[in-house]
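Please read the structure below before turning to the comments.
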Amino acid sequence: MVLGQLKIKIGMKITKICCIGAGYVGGPTMAVIAQKCPDIQVTVVDLNVDRIAKWNDPNVENIPIYEPGLSAVVAEARGRNLFFSTEVDQAIEEAEMIFISVNTPTKTYGTGKGLAADLKYIELCARQIARVAKTDKIVVEKSTLPVRTAEAIKSILHNTGNGVKYQILSNPEFLAEGTAVEDLFAPDRVLIGGDATPEGQQAIQALVDVYARWVPNERILTTNLWSSELSKLVANAFLAQRVSSINSISELCEKTGANVAEVAKAIGMDSRIGPKFLKSSVGFGGSCFQKDILNLVYIAKSYGLHEVADYWEQVILMNDHQKRRFAKNIVTTLYNTVADKKIAFLGWAFKKDTNDTRESAAIYVADDLLNEHANVVVYDPKVSEKQMLNDLDYLATRSVSENHRLLQAASDPYAACEGAHAIAVLTEWDEFKTYDWQRIYEKMNKPAFVFDGRNLLDGEQLTALGFMYQTIGA
Ligand code: UDX
Ligand code: ADP
């Protein structure tokens with residue numbers, strides 16, 4: 001079968017891949033593809049000059065994304081067949097396969113504001129590909145997108161291009177941050193959606209052949225485009241729903257004397273339910289769960305499926321409630337006022353082993369406490385003060401100068417906790433468990449409270465040291 005000048009045919013071998021977007025998805029995914037396929041040239045491009053400079057930093061520990069194991073993968077492949085560049089046009093032109101891995105945040109304006117995904121970055125990519133491409137291309141949607149986005153990409157490519165032929169594939173990423181490299185090395189499944197036409201099937205096969213270098217065939221699933229796009233949203237919605245479900249039960253546990261960890265263990269041993277994603281917490285964060293559910297809600301509403309929309313929206317409402325009630329409990333327990341009290345935060349990232357803070361519960365808990373005029377001092381092993389303040393400024397609850405006055409980062413956890421009235425654990429970093437808690441206790445204001453939003457610490461040990469310890473769901 002002939003597809004324009006590129007002649008994509010069965011068994012066609014991809015030799016050059018370009019990925020637009022060097023973020024949390026594009027960076028690690030392409031690094032692993034490059035490591036596993038040394039004969040394929042993989043070029044990751046981004047408009048963000050600073051980000052690309054960091055990916056190219058001679059000291060591989062300075063790459064812009066912290067993920068366990070990632071620096072070793074980059075060290076092996078970078079300069080060999082993995083390249084990071086701002087030369088977007090050149091990389092597009094050279095590649096046979098182009099991954100679109102740009103951000104698709106929730107819209108903050110116009111129709112669908114607060115619900116729909118903002119597709120302006122995707123559209124810009126499609127237009128850029130159409131403008132630059134001189135040979136046929138396989139375009140792969142990697143970013144999470146609303147169902148039928150491929151249709152829009154197709155329309156732009158086919159109507160604004162210069163006779164070049166395109167095949168569009170959907171290949172959603174299921175990696176979780178903090179375990180991205182592990183997930184990419186041994187994925188539960190790789191999902192590839194494409195057209196049922198012979199050309200579509202050949203494009204699917206070309207991508208299957210890339211993954212088949214290290215992923216067993218039975219784990220590579222091929223579907224039509226729309227099933228693939230929808231599956232990504234649904235997978236995240238189901239995972240988030242489990243967290244909201246157990247979080248709803250955590251509140252009930254606190255009232256009834258049951259212990260949510262015990263309940264989770266008991267129900268998780270039922271093989272139909274399973275033990276994963278049943279850890280109650282201060283609330284889920286991350287760039288995907290909320291965005292994808294809002295997207296699902298928007299799609300359902302746009303088809304008039306209001307009951308479906310309301311059902312999924314409840315997952316978000318429960319999550320918001322969990323974050324707010326954690327902050328409220330701190331205020332209530334500290335004798336109904338935190339004004340001018342020092343509250344130490346352990347953790348700001350949305351989960352351990354990542355420097356990503358998008359939608360982290362810590363941001364919202366801090367916001368509520370700052371509204372009560374608390375002084376928040378944060379220690380996170382991987383997040384900078386600049387990032388924390390950016391996150392707060394983005395909420396626009398108060399002036400930038402006010403945020404800077406009320407929140408600081410500490411470079412040392414003991415300094416963060418010194419003189420504090422309470423400690424709030426917002427991220428489940430392992431190192432928090434290894435601290436000298438006796439030393440921390442001695443330097444705090446008494447009574448010294450710990451609000452463990454992650455069920456992380458040994459409550460009995462802390463209580464024995466004199467702490468007033470509270471955790472979620474017990
Ligand atoms: C998620 C999906 O897991 C991944 O497949 C998809 O590609 C992207 O979205 P990620 O957001 O990186 O990955 O992390 P995940 O491990 O799913 O955690 C999301 C949030 O839920 C975190 O804030 C985490 O702390 C919280 N969580 C998770 C809980 O509170 N309890 C749990 O039991 C599990
Ligand atoms: P994700 O978590 O989905 O990877 P990120 O925000 O971490 O999202 O990364 C997306 C990246 O895509 C950003 O670094 C951004 O600069 C880049 N990007 C967005 N639009 C374009 C574009 N048109 N061309 C090149 N890079 C882009």
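We count ligands from 1, going down the list as the structure has it; atoms in each ligand are counted the same way. Only a predicted model underlies this, so the values are computations on that prediction, with no experimental measurement involved.
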Check [X] against ligand 1 and report side chain, backbone, both or neither, counting heavy atoms closer than 4.0 Å.
{"X": "L278", "result": "backbone"}
{"X": "K232", "result": "side chain"}
{"X": "K352", "result": "neither"}

Quick check on contacts: which atoms of ligand 1 are under 4.0 angstrom from a heavy atom of K279?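 The list of qualifying atoms is 29 (C), 30 (O), 31 (N), 32 (C), 33 (O).
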Enumerate the atoms of ligand 1 whose separation from the nearest heavy atom of E173 is less than 4.0 angstrom. 7 (O)
Over 12 foreign heavy atoms within 6.0 Å of NZ, K36: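 It does: K36 NZ has more than 12 such atoms within range.
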Count the heavy atoms belonging to other residues, nucleotides or ligands that lie under 6.0 Å from CZ of F185, then report whether that count exceeds 12.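 For F185, atom CZ is crowded (more than 12 foreign heavy atoms under 6.0 Å).
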In the protein, what heavy atom is nearest to [atom], and what distance, to one decimal place, separates them?
{"atom": "atom 28 (C) of ligand 1", "answer": "F277 CE2, 3.5 Å"}
{"atom": "atom 19 (C) of ligand 1", "answer": "F289 CE2, 3.5 Å"}
{"atom": "atom 9 (O) of ligand 1", "answer": "C288 CB, 3.4 Å"}
{"atom": "atom 25 (O) of ligand 1", "answer": "R454 NH1, 2.7 Å"}
{"atom": "atom 11 (O) of ligand 1", "answer": "F350 CE1, 3.5 Å"}
{"atom": "atom 21 (O) of ligand 1", "answer": "F284 CB, 3.2 Å"}
{"atom": "atom 27 (N) of ligand 1", "answer": "V243 CG2, 3.9 Å"}
{"atom": "atom 2 (C) of ligand 1", "answer": "N236 OD1, 3.4 Å"}

Restricting to ring-ring contact (aromatic ring centres under 6.0 Å, His included), what partner residues turn up for Y469, sequence neighbours left out?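 For Y469, no residue satisfies ring-ring contact (aromatic ring centres under 6.0 Å, His included) once neighbours in sequence are set aside.
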Could you work out, with ring-ring contact (aromatic ring centres under 6.0 Å, His included) as the rule, every residue matching W226, not counting sequence neighbours?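 For W226 there are no ring-ring contact (aromatic ring centres under 6.0 Å, His included) partners, ignoring immediate neighbours.
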Which atom of A474 lies closest to which atom of N259, heavy atoms considered: CB-ND2, 4.0 Å
I need the minimum non-hydrogen distance between G23 and W55, along with the two atoms involved. O-CZ2, 4.2 Å
Among L184, V73, L82, N81, which one satisfies side-chain contact (heavy atoms from CB on, under 4.5 Å) with Q35? V73
Assess K142 against F99: is NZ or CZ under 6.0 Å from the centre of the six-membered ring, and within 45 degrees of the ring's axis?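 Not flagged: K142 not positioned over aromatic ring of F99.
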Check for me whether R189 meets the cation-pi criterion with F174, that is, NZ or CZ under 6.0 Å from the six-membered ring centre and within 45 degrees of the ring axis.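 Positive - R189 is close enough to the ring of F174 and near enough to its axis.
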Only one of Y298, F289, F238 forms a ring pair (Phe, Tyr, Trp, His ring centres under 6.0 Å) with W312, so which one is it? F238
Any N/O pair [X]/ligand 1 closer than 3.5 Å:
{"X": "L239", "result": "no"}
{"X": "S281", "result": "yes"}
{"X": "S280", "result": "no"}
{"X": "G283", "result": "no"}

Do we see a donor-acceptor contact under 3.5 Å between the side chains of [X] and [Y]?
{"X": "T111", "Y": "K113", "value": "no"}
{"X": "Q470", "Y": "N329", "value": "yes"}
{"X": "Q241", "Y": "Y311", "value": "yes"}
{"X": "Q387", "Y": "D391", "value": "yes"}

Sequence-distant partners of D458, salt bridge (charged side-chain N to carboxylate O under 4.0 Å, His left out), two or more places apart: none
Does K276 come within less than 4.0 Å of ligand 1, judged by its heavy atoms? no
Pairs under 3.5 Å, N/O atoms on ligand 2 and on the protein: can you put them in a table with the distances?
residue	atom	partner	partner atom	Å
ligand 2	2 (O)	R358	NH1	3.3
ligand 2	2 (O)	R358	NH2	2.9
ligand 2	4 (O)	Y24	N	3.0
ligand 2	4 (O)	V25	N	2.9
ligand 2	7 (O)	Y24	N	3.2
ligand 2	7 (O)	R51	NH1	3.3
ligand 2	7 (O)	R51	NH2	3.4
ligand 2	9 (O)	R51	NH1	3.3
ligand 2	14 (O)	D46	OD1	3.3
ligand 2	14 (O)	D46	OD2	2.6
ligand 2	14 (O)	R51	NH1	2.6
ligand 2	16 (O)	D46	OD1	2.6
ligand 2	26 (N)	L47	N	3.4

Among K351, E177, R358, closest by heavy atom to atom 14 (O) of ligand 1 is K351
